[in-house]
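Start at 1 with the first residue, then count along the sequence. Atoms considered below: every heavy atom in the structure, side chains included; atoms not considered: hydrogens, waters and symmetry mates. Both counts, for ligands and for their atoms, begin at 1 and track the order of listing.
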Amino acid sequence: TQRVVIIGAGIVGTNLADELVARGWNNITVVEQGPLNMPGGSTSHAPGLVFQTGPSKTMTHLARYTIQKLLSIEKDGQNCFNQVGGLEIATTPARLEELKRRHGYATSWGIESRLISPDECVKLYPHLDRDLVLGGFHIPSDGLALAARATQLLIERTSNAGVRYIAETPVTNIERTDNHITGVTTPSGYIPADIVISCAGFWGVELGAMVGVSIPLLPLAHQYAKTTKVPELANREINKQTNGKNAILPILRHQDQDLYYREHGEQYGIGYYGHRPMPVVAASLGLTPKHVDDKNMPSRLEFTKEDFDPAWKESQKLLPALRNTEIEDGFNGVFSFTPDGGPIVGQAPNLEGFWVAEAVWVTHSAGVARAVAEVLTTGRSQIDISECELSRFEEVQLSRAYINETSAQNFVEIYDILHPSQPKESPRNLRTSPFYPRQKDLGAFFLELAGWERPFWYEANSHLLESLPKEWKPIERDVWSAQFHSPIVAVEAWKTRNAVAMYDMTSFHRFEVSGPGAAHLLQRLSTADINTKPGTISYALLLNEHAGIQSDIFISRLGKDLFQVGANTATDLVYLTREARHQKQWVQVRDVTGSTCCVGLWGPRSRDVISTISTDDFSNEAFPYFTVKSVTINGIPAKALRKSYVGELGWEIQTSAEYGAQLWDSIWNAGKTHGLIAAGRGAFNALRLEKGYRIYGADMTSEHNPYEAGVSNAVRMSKMDNYVGKIALEKLSKHPNRRLRCLTVNDGRSMVLGKEPVFYRGKAVGYVTSAAFGYTVGKPVAYAWLPSNVSCGNTVEIEYFGRRIRATVSAEPLYDPDSKALLG
Ligand code: FAD
């Protein structure tokens with residue numbers, strides 16, 4: 001098998017060696033700068049709390065597997081996980097609501113949990129001050145990872161299986177040819193390798209720099225302290241146990257004060273996130289000493305007591321037993337934070353053979369390791385890890401300034417109650433379309449994605465609320481779903497369906513694929529048959545070899561050797577570029593997103609508008625659905641694509657950035673007499689759901705196949721050429737066991753937002769992916785993954801903050817099933 005070098009013998013590196021060994025790889029070397037018995041990284045002092053539940057299904061499932069694995073690593077009758085359960089408590093009404101939402105996540109992702117009363121909290125956790133607690137969230141399968149012990153046992157197990165460990169040896173350079181790794185250099189020599197995987201934790205930035213790869217993580221110090229002995233914890237049988245299983249109480253989180261707790265025998269351990277961010281440059285910590293112990297390791301910095309004072313005060317309030325104790329020992333421990341809080345996993349975009357698995361908590365360590373091992377050995381992981389991909393970041397997000405600011409902000413917000421739409425406050429305005437000044441003039445409310453400012457609605461449309469027909473009037477929303485939302489969205493939806501609206505589509509990724517190998521590349525990677533004549537648009541999927549959906553794209557054939565691809569993410573660009581590089585027939589993939597701009601002009605009157613500013617023929621005969629043409633709009637060279645994300649007649653009009661302002665103004669002025677408005681993403685999201693258009697990432701991922709996700713229309717089974725995923729696809733049942741379904745809310749007014757659990761006959765059977773109020777149908781609409789036996793007409797219940805909302809599985813699309821509007 002391939003020669004693998006893993007850098008770092010922390011919980012991630014050792015798990016990865018183990019997962020690769022389990023899959024039959026047998027040429028693995030782990031290089032660790034510290035001593036093996038205590039390498040001195042974050043794992044060496046991690047208190048090991050594993051709370052599984054979060055808004056991300058992926059992260060929750062990575063954590064669930066980590067527990068499963070730690071329970072299975074055993075020696076002398078003792079495994080590596082102490083399943084004491086997890087308890088999160090609320091001391092504020094807002095947190096009590098938040099715990100309901102978290103309980104919903106747990107249910108959605110299949111983690112058994114319970115919301116419990118203050119009395120039950122105290123019963124589970126007698127040291128709590130009953131008067132402070134409003135309620136709790138109990139997860140029996142959470143607990144304490146014995147991370148250092150697991151690392152040692154994994155080293156032992158993998159060494160026995162033939163993995164070489166080279167300790168006390170830093171990797172000082174990573175060697176490469178133009179675009180491939182060749183090995184690593186250490187003071188004791190060169191180690192050749194086909195694959196180098198950096199599991200260097202917060203040293204990741206330095207390792208990346210060795211090969212010119214920006215690693216978007218920021219090492220930050222985080223405070224952890226132990227108390228003196230707590231009389232209430234004395235004289236318990238558990239205190240005599242060895243191997244670190246010295247706790248019986250659940251692990252405890254007090255997020256309202258940025259605190260968490262565990263027992264260490266008779267002592268309490270307290271972790272604190274409430275202090276100022278304390279960034280660290282790993283390189284400045286110097287070389288790992290020959291002798292590492294509990295007190296002396298590079299990842300452990302001096303305790304700054306003054307930062308901990310508020311934590312100590314709050315802890316003594318919550319846990320009166322602590323009032324008779326003091327802080328015995330504390331430290332500022334270093335670990336990694338990232339711009340979006342996720343780990344950094346995957347292969348470097350422009351370098352073959354350099355992989356990373358960094359910014360990974362103990363909580364997700366074995367899950368991440370398994371996923372990487374699966375990707376390396378089979379090409380895909382059973383848990384979708386696209387949200388962990390190193391390649392998910394845009395260029396602008398890889399600058400040090402961006403990484404440092406956003407990662408530090410994630411530290412600050414780690415336990416905050418965050419609305420799913422809540423935008424970053426800074427940095428903002430990194431990427432704006434040429435229409436931005438016009439949008440500001442119209443009072444656009446912007447939310448940020450991947451650095452882009454994207455209008456969600458325009459205050460300038462508020463006066464139209466008065467003329468809104470009764471059946472289009474927006475519902476009164478609950479306080480949570482009303483955040484980052486405006487009733488104006490109803491106006492914008494109404495206008496799109498009944499007149500015409502312009503949407504800024506600039507932030508959608510556009511790639512130009514050109515050269516003699518362009519057609520072959522797209523034919524080989526996508527499910528569409530692009531052996532079509534120039535001027536045709538195809539909707540296609542990018543599948544993995546197992547027919548899991550990696551992305552959905554639009555391919556516009558502009559010429560024999562020239563295509564434009566409308567894609568989802570930076571990861572799509574990396575994938576296409578990498579495949580292009582590997583292809584014999586020359587092809588170039590170029591990201592033209594920022595150098596171009598795009599207006600979606602949609603609505604029954606879009607043709608009237610466009611025809612007044614162009615002499616090109618926009619009739620159905622001359623310009624049918626799913627075709628693309630070069631046109632001139634008011635003297636501006638542009639491309640018009642006859643397609644629509646909102647299910648109406650219309651065109652996406654693209655031009656290069658310098659014509660952007662002129663394009664906007666031309667359309668705007670021409671539209672006045674036709675009732676044109678500018679509309680934002682709020683309306684867009686609602687309208688696309690009514691039409692049943694899926695969004696990759698939210699509605700479907702690599703865990704789903706086209707039949708399950710309801711996008712088999714994108715698959716040309718008659719296509720003769722082979723393509724990635726075709727063989728697997730042919731073997732799939734066209735009657736899968738689960739389906740992405742359309743739900744409509746029965747009472748016509750109860751909103752949900754996504755990720756809520758769905759119940760059928762009282763049992764949790766699925767979860768919501770996307771949701772919005774469907775203005776055209778006059779009801780909230782939600783898409784959800786459900787078992788196939790739950791079918792059209794069935795009533796289900798969606799749980800939203802603990803409340804059950806009845807909904808009906810509905811035939812889709814809800815709007816314009818015959819595409820009469822779309823085909824104009
Ligand atoms: P590390 O354990 O840091 O391992 C990386 C290894 O790479 C190190 O041993 C290092 O010596 C080696 N290395 C680096 N550079 C080189 C080089 N050039 N050559 C050779 N070797 C190199 N997580 C949880 O899930 N639950 C918790 O309760 C929790 N509490 C925490 C509390 C504190 C105070 C801190 C600081 C962190 C906590 N974490 C917790 C986070 C967790 O500890 C880390 O995310 C995790 O240990 C990272 O594991 P790792 O293997 O990636 O990194």
Side-chain angles (χ1 to χ4, degrees), residues 5-16 29-36 38-52 59 62-63 66-67 70 86 142-145 147-148 150-151 154 165-174 184-187 191 196-210 217 219-225 251 253 260-262 269-273 278 280 282-283 285 287-289 292 297-301 303 330-338 343-345 356-369:
V5 167
I6 294 173
I7 304 170
I11 190 74
V12 177
T14 51
N15 260 302
L16 180 55
T29 307
V30 180
V31 187
E32 167 56 55
Q33 64 187 4
L36 275 193
M38 190 177 259
S42 307
T43 307
S44 296
H45 58 54
L49 290 84
V50 177
F51 287 95
Q52 298 162 85
M59 298 305 285
L62 293 174
T66 302
I67 292 179
L70 290 171
D142 284 352
L144 286 161
T151 306
L154 287 169
Y165 281 85
I166 304 180
E168 297 171 37
T169 305
V171 167
T172 51
N173 207 6
I174 299 170
V184 302
T185 301
T186 74
I191 309 167
V196 171
I197 311 164
S198 180
C199 302
F202 67 82
W203 284 272
V205 178
E206 280 70 15
L207 270 303
M210 291 176 190
L217 69 79
L220 285 169
H222 153 58
Q223 291 198 299
Y224 192 78
I251 51 173
R253 260 179 176 173
Y260 65 84
Y261 305 90
R262 62 160 289 181
I270 308 173
Y272 187 42
Y273 287 112
M278 300 189 260
V280 174
L285 299 175
L287 293 178
T288 303
V292 170
M297 59 173 95
S299 61
R300 184 185 160 117
L301 307 181
F303 190 53
F331 63 97
N332 294 359
V334 185
F335 75 120
S336 311
F337 281 77
T338 60
I344 310 288
V345 181
V356 297
E358 289 159 348
V360 178
W361 289 39
V362 168
T363 301
H364 311 107
S365 55
V368 164

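Under a 4.0 angstrom heavy-atom cut-off, Q223 registers as lying outside contact with ligand 1. Ligand 1 lies nowhere less than 4.0 angstrom from a heavy atom belonging to G40. The closest approach between T186 and ligand 1 stays at or above 4.0 Å for every heavy atom of the residue. Using 4.0 Å as the threshold, E32 has a heavy atom nearer than that to some atom of ligand 1. Using a 4.0 Å cutoff on heavy atoms, I11 counts as a contact of ligand 1.
Atoms of ligand 1 lying under 4.0 Å from at least one heavy atom of G8, given by number and element, are 6 (C), 7 (O), 12 (C). Less than 4.0 angstrom separates some heavy atom of L207 from each of these atoms of ligand 1: 15 (N), 18 (N). Atom numbering of ligand 1 starts at 1 in the shown order; those under 4.0 Å from a heavy atom of P39 are 9 (O), 11 (O). Those atoms of ligand 1 with a heavy atom of A46 less than 4.0 angstrom away are 43 (O). For ligand 1, the atoms lying closer than 4.0 Å to a non-hydrogen atom of V334 are 36 (C). Residue-ligand proximity, C199 to ligand 1, at heavy-atom distances under 4.0 Å covers atoms 5 (C), 6 (C), 7 (O). For ligand 1 and V31, the ligand atoms under 4.0 Å from any heavy atom of the residue are 20 (C), 21 (N).
Taking only non-hydrogen atoms, the option from E206, M210, H222 nearest to atom 33 (C) of ligand 1 is H222. Between F335, F202, Y272, F337, it is F335 that holds the heavy atom closest to atom 37 (C) of ligand 1.
By the 30° and 60° cut-offs, the orientation of the rings of Y260 relative to H222 is tilted.
Across every non-hydrogen atom of G8 and V30, the tightest pair is O-CG1, 3.8 Å.
Sequence neighbours left out, the pairs with a member in residues 357-368 that pass side chain to side chain donor-acceptor pair (under 3.5 Å) are S198-E358.
At least one N/O-N/O distance between S42 and ligand 1 falls below 3.5 Å.
A distance of 8.5 Å separates SG of C199 from CD1 of I7, quoted to the nearest 0.5 Å.
Taking the side chain as every heavy atom from C-beta outward, T14 and I6 never approach each other to under 4.5 Å. For the pair P219/S299, no side-chain contact is recorded, criterion being any heavy-atom separation below 4.5 Å from C-beta on. In this structure, F335 and H45 have side chains that are not in contact, with every pair of non-hydrogen atoms separated by 4.5 Å or more.
The side chain to side chain donor-acceptor pair (under 3.5 Å) search around Y272 returns none, not counting sequence neighbours.
Annotation: cation-pi geometry not satisfied between R253 and Y261 (NZ/CZ under 6.0 angstrom from ring centroid, within 45° of ring axis).
Counting heavy atoms closer than 4.0 Å to ligand 1, residue V360 contributes backbone atoms (N, CA, C, O) but none from C-beta onward.
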